[in-house]
> 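Got a structure for you, written out below as structure tokens; questions coming shortly.
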Amino acid sequence: MVGKARLYQFLPPAQRKQLPEFEFTDCHLNTIARAYYNDTAFACDRQREIDLWRVFNLFTGANKSSYIDSFLARSRNATVFTEGVAKALIGEPEYRWFVE
């Protein structure tokens, strides 16, 4: 999922418009990946499995480094994105690109 999120910024504009909005940058994704392995509260367990609550918390933790003018929009995007991933996991197509 993190790999697809990194690719999102480089998609052609026409293809990006067909996908849901994703407001996190490479710096945020680096913070998410680092926390996935190192954060004592939200890191993955020994099986390397993670639930969507932890995904949401990793995104909101990375959002703490945002400027105030984009903080609220990214917080909302973290919520909408996590909900979209949950829907994609049960078969809805909108966020499927991020989890395939």
> What distance do L29 atom CG and K4 atom NZ have between them, rounded to the nearest 0.5 Å?
14.0 Å
> Can you classify the ring geometry of F59 versus F22 as parallel (below 30°), tilted (30 to 60°) or perpendicular (above 60°)?
perpendicular
> Other hydrophobic cluster members with F71, side-chain heavy atoms of Ile/Leu/Val/Met/Phe/Trp/Tyr under 4.5 Å, chained?
L72
> How about F98 and F81: are their ring centroids closer than 6.0 Å?
yes
> For residues N63 and T60, is any side-chain donor paired with an opposing acceptor at under 3.5 Å?
no
> Sequence neighbours left out, what passes side-chain contact (heavy atoms from CB on, under 4.5 Å) with A88? Give chain and number order.
Y95, V99
> Kindly give the heavy-atom pair with the smallest separation between Y36 and L58, and that separation in Å.
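Distance-wise, the nearest heavy atoms are N-CD2, 4.0 Å.
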> Kindly state each residue pair satisfying salt bridge (charged side-chain N to carboxylate O under 4.0 Å, His left out) with at least one member in residues 62-73, sequence neighbours excluded.
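Pairs touching residues 62-73 that pass the test: none.
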> With sequence neighbours left out, write down each residue that passes side-chain contact (heavy atoms from CB on, under 4.5 Å) with T25, or none if nothing qualifies.
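By the side-chain contact (heavy atoms from CB on, under 4.5 Å) rule, T25 matches Q9, C27, H28, R74.
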> Hydrophobic clustering (ILVMFWY, side-chain heavy atoms < 4.5 Å, transitive) - are M1 and Y37 grouped together?
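Linked, Y37 and M1 end up in one cluster.
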> Counting C-beta onward and ignoring hydrogens, is there a side-chain heavy-atom pair between V85 and L52 closer than 4.5 Å?
yes
> Distance check, rounded to the nearest 0.5 Å: F24 atom CZ versus S70 atom OG?
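Going from CZ on F24 over to OG on S70, the span is 9.5 Å.
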> Among residues two or more places apart or on two chains, list those pairs meeting salt bridge (charged side-chain N to carboxylate O under 4.0 Å, His left out) that have a residue in residues 82-100.
R96-E100
> With a 4.5 Å heavy-atom cut-off, do Q15 and Y8 have their side chains touching?
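They are not in contact (no side-chain heavy atoms under 4.5 Å apart), so the answer is no.
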> Which residue pairs satisfy the salt bridge (charged side-chain N to carboxylate O under 4.0 Å, His left out) criterion with at least one member in residues 10-32, sequence neighbours excluded?
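Matches after skipping sequence neighbours: R6-D26.
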